[in-house]
Amino acid sequence: MAWVLLVVAGLLEVGWSVGMKYTDGFTRLVPSLLTGSGIVASMVLLSYATRSLPIGTAYGVWVGIGAAGAAVVGMVLLGEPATAARIFFVGLLLVAVVGLKATSGH
């Protein structure tokens, strides 16, 4: 169950990190409230996951999901450059996330 919570927390991190783009420096009310709610929910789920997972593994996986997900959303939906190098490094992030899970002992 901790891994499910962690993956959901990571997906929420993707959501709030992309959401920050729409807050206009937290001056727009609705995007700011949604982004803030995503941040809180993501952190709460991360904290629940760390009850049974090692903090280094949980945090690394959370950050990896968030970073890779935000990069992919940026390339696919927001028109950011989708160069071979960027795709390669997103792939490395995903390999690192899988590696952390595989070696966590849980």
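For reference, positions follow the sequence shown, starting with 1.
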Determine the minimum heavy-atom distance between [X] and [Y], stating which atoms define it.
X	Y	answer
M75	V90	CE-CG2, 4.0 Å
R28	Y22	NH1-O, 2.8 Å
F26	M20	CZ-CG, 4.1 Å
A2	A49	O-CB, 3.6 Å
L93	A67	CD1-CB, 4.0 Å
A58	T50	CB-CG2, 3.7 Å

- request: Would you indicate whether the side-chain heavy atoms of R86 and T83 approach each other to under 4.5 Å?
  value: yes
Hydrophobic cluster membership, [X] vs [Y], 4.5 Å side-chain cutoff:
X	Y	value
L78	V72	yes
I87	V14	yes
V18	L34	no

With rounding to the nearest 0.5 angstrom, report the [atom1] to [atom2] distance, [X] to [Y].
X	Y	atom1	atom2	answer
I65	E13	CD1	CD	8.5 Å
L29	T23	CG	OG1	11.5 Å
S52	W3	OG	CH2	9.0 Å

Expected output: side-chain S47 to main-chain V44 donor-acceptor under 3.5 Å: yes
task: Measure from the side-chain N and O atoms of S42 to the backbone N and O of I39, and report whether any donor-acceptor pair falls under 3.5 Å.
output: no
message: So, applying side chain to side chain contact (heavy atoms under 4.5 Å, CB included) with L6, which one of T57, L11, L53 is it?
response: L53
- request: Please test S37 against W16 for side chain to side chain donor-acceptor pair (under 3.5 Å), starting from the C-alpha separation and ending with a verdict.
  value: CA-CA 8 Å; S37 298; W16 68 255; over 6 Å; no
message: Restricting to side chain to side chain contact (heavy atoms under 4.5 Å, CB included), what partner residues turn up for L45, sequence neighbours left out?
response: L5, V8, A9, L12, Y48
task: Would you list the pairs meeting ring pair (Phe, Tyr, Trp, His ring centres under 6.0 Å) in which at least one residue belongs to residues 68-92, sequence neighbours left out?
output: none
